[in-house]
Amino acid sequence: MEFIALAQSLARSAGALILSRMGEQVTAEEKSSAFDVVTQVDKDCEQLIREGILSQHLDHEILGEEDTFLAQKSLEEVLSAVKKDTYLWIVDPIDGTSNFVQGIAGFTVSIALAYNGELLLGVVYDPSCDEMFSAVKGEGAFLNGKPIHVSNKTGLHTSVIATGFPSQMDARLAVYNGLGKLIHECRTIRSLGSAARHLAYVGAGRLDGFWENGLKTWDVAAGVLIVQEAGGQVSDTNGNSYSLNTLHIVSTNGLVHESLLDCLK
Ligand code: 2AM
Ligand code: CA
């Protein structure tokens with residue numbers, strides 16, 4: 001199976017599993033703090049995706065949110081241990097676990113594939129809407145198979161910008177400070193609970209920009225390629241190019257990128 005077909009098929013299977021368990025009494029376990037939660041469904045979805053990848057590609061590596069947490073490893077440790085010339089799958093089984101726990105639609109499954117630090121493909125699947133966002137390096141970005149493109153807004157005053165509230169308090173405060181400045185500058189602000197979905201929406205032109213501090217590679221890798229392939233721009237909050245280590249992310253249609261960076265400084 002082609003890599004992109006495998007990613008889409010596993011994202012769909014995980015999405016179906018999440019929806020099938022939505023009415024259940026789910027227990028939100030605390031991870032690093034009360035603001036950082038996981039459920040058995042996150043773990044089951046990650047295992048489904050992991051087994052699906054390894055059943056076809058035993059020599060590939062997987063960076064999964066829940067497995068990394070269980071292994072008590074930092075993201076930096078795992079990324080620096082990835083061997084050269086090895087395919088690395090980057091998996092967030094549920095991005096927006098708080099949405100899932102609260103019974104709010106809009107969580108996503110996020111799967112990316114990288115090789116020597118470069119993103120090759122990304123899929124972000126929203127099972128509640130059956131929306132499959134996807135991108136392959138150099139081949140464009142798509143929503144349910146149709147090409148998507150970022151918006152053409154040229155100023156922040158007409159832009160709708162999204163952000164999120166990460167679990168770490170320093171990152172949360174950075175978002176809060178950014179919001180204090182941005183509310184004077186942009187048309188309005190949205191917070192939909194999934195970084196991956198925010199990025200996919202920037203790619204689809206539904207949002208003109210998205211920024212958030214304190215994210216992890218699995219939250220954003222797939223969405224980053226979708227934005228880039230849809231004609232948009234992604235950097236860190238200082239304007240440096242995106243890499244798999246970027247945690248503080250700014251993504252836009254490209255036309256409002258400098259204005260958003262300036263505003264958040
Ligand atoms: P999650 O649901 O997969 O944890 C919300 O602001 C965004 O932050 C979501 O994409 C959420 O992803 C992410 N997030 C929550 N806790 C996080 C953590 N400890 N580290 C990095 N990202 C986190
Ligand atoms: Ca997650």
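Residues Glu131 and Leu143 have side chains in contact (heavy-atom distance under 4.5 Å, counting atoms from C-beta outward). Between Val250 and Leu264, some side-chain heavy-atom pair lies under the 4.5 Å cut-off.
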Less than 3.5 Å apart, which donor and acceptor atoms pair up between the side chains of residues 157-166 and the rest of the protein, not counting sequence neighbours?
residue, atom, partner, partner atom, Å
Thr158, OG1, Gly155, O, 3.2
Ser159, OG, Gly155, O, 2.8
Thr163, OG1, Trp211, O, 2.8

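Using a cut-off of 4.0 Å between Lys/Arg side-chain N and Asp/Glu carboxylate O, Asp130 and Arg12 are scored as salt-bridged. A salt bridge does not link Lys43 to Glu65: none of the charged side-chain nitrogens sits closer than 4.0 Å to a carboxylate oxygen. Ion pair Lys216/Asp219 not flagged as a salt bridge, since none of the NZ, NE, NH1 or NH2 atoms sits closer than 4.0 Å to an Asp/Glu carboxylate oxygen.
Exactly one residue among Leu225, Ile249, Asp236 makes a side chain to side chain contact (heavy atoms under 4.5 Å, CB included) with Tyr242. That residue is Ile249. Checked options Asp126, Leu199, Leu192; the residue passing with Thr108 is Asp126 (criterion: side chain to side chain contact (heavy atoms under 4.5 Å, CB included)).
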>> Checking Phe3 against His60 for the side-chain contact (heavy atoms from CB on, under 4.5 Å) test, could you report, in this order, the C-alpha distance in whole Å, the side-chain angles of both residues, the deciding distance, and whether it holds?
In response: CA-CA 12 Å; Phe3 291 153; His60 288 194; 3.7 Å; yes

>> Does Ser33 form a side chain to side chain donor-acceptor pair (under 3.5 Å) with Asp36? I'd like the steps, not just the answer.
In response: CA-CA 5 Å; Ser33 73; Asp36 187 12; 5.6 Å; no

> Going through the checks in order, is the side-chain contact (heavy atoms from CB on, under 4.5 Å) test met by Lys84 and Asn116?
Replying inline: CA-CA 6 Å; Lys84 222 177 151 279; Asn116 289 338; 3.6 Å; yes

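A donor-acceptor distance shorter than 3.5 angstrom exists from the side chain of Glu229 to the backbone of Gly140, with no hydrogens or angles considered. For Asn253 (side chain) and Val256 (main-chain N/O), a donor-acceptor pair under 3.5 Å exists by modelled atom type. Using a distance-only test at 3.5 Å, with no hydrogens or angles considered, no donor-acceptor pair links the side chain of Lys181 to the main chain of Asp262. Panel note: side chain Gln56, backbone Ile53; no donor-acceptor pair is recorded below 3.5 Å. Without hydrogens or angle criteria, Asn99 side chain to Gly96 main chain gives no donor-acceptor distance under 3.5 Å.
Judged as a side chain to side chain contact (heavy atoms under 4.5 Å, CB included), and not counting sequence neighbours, the contacts of Phe142 are Ser134, Pro147.
With Phe107 as the aromatic partner, Arg197 does not meet the cation-pi criteria of under 6.0 angstrom to the ring centre and within 45 degrees of the ring axis.
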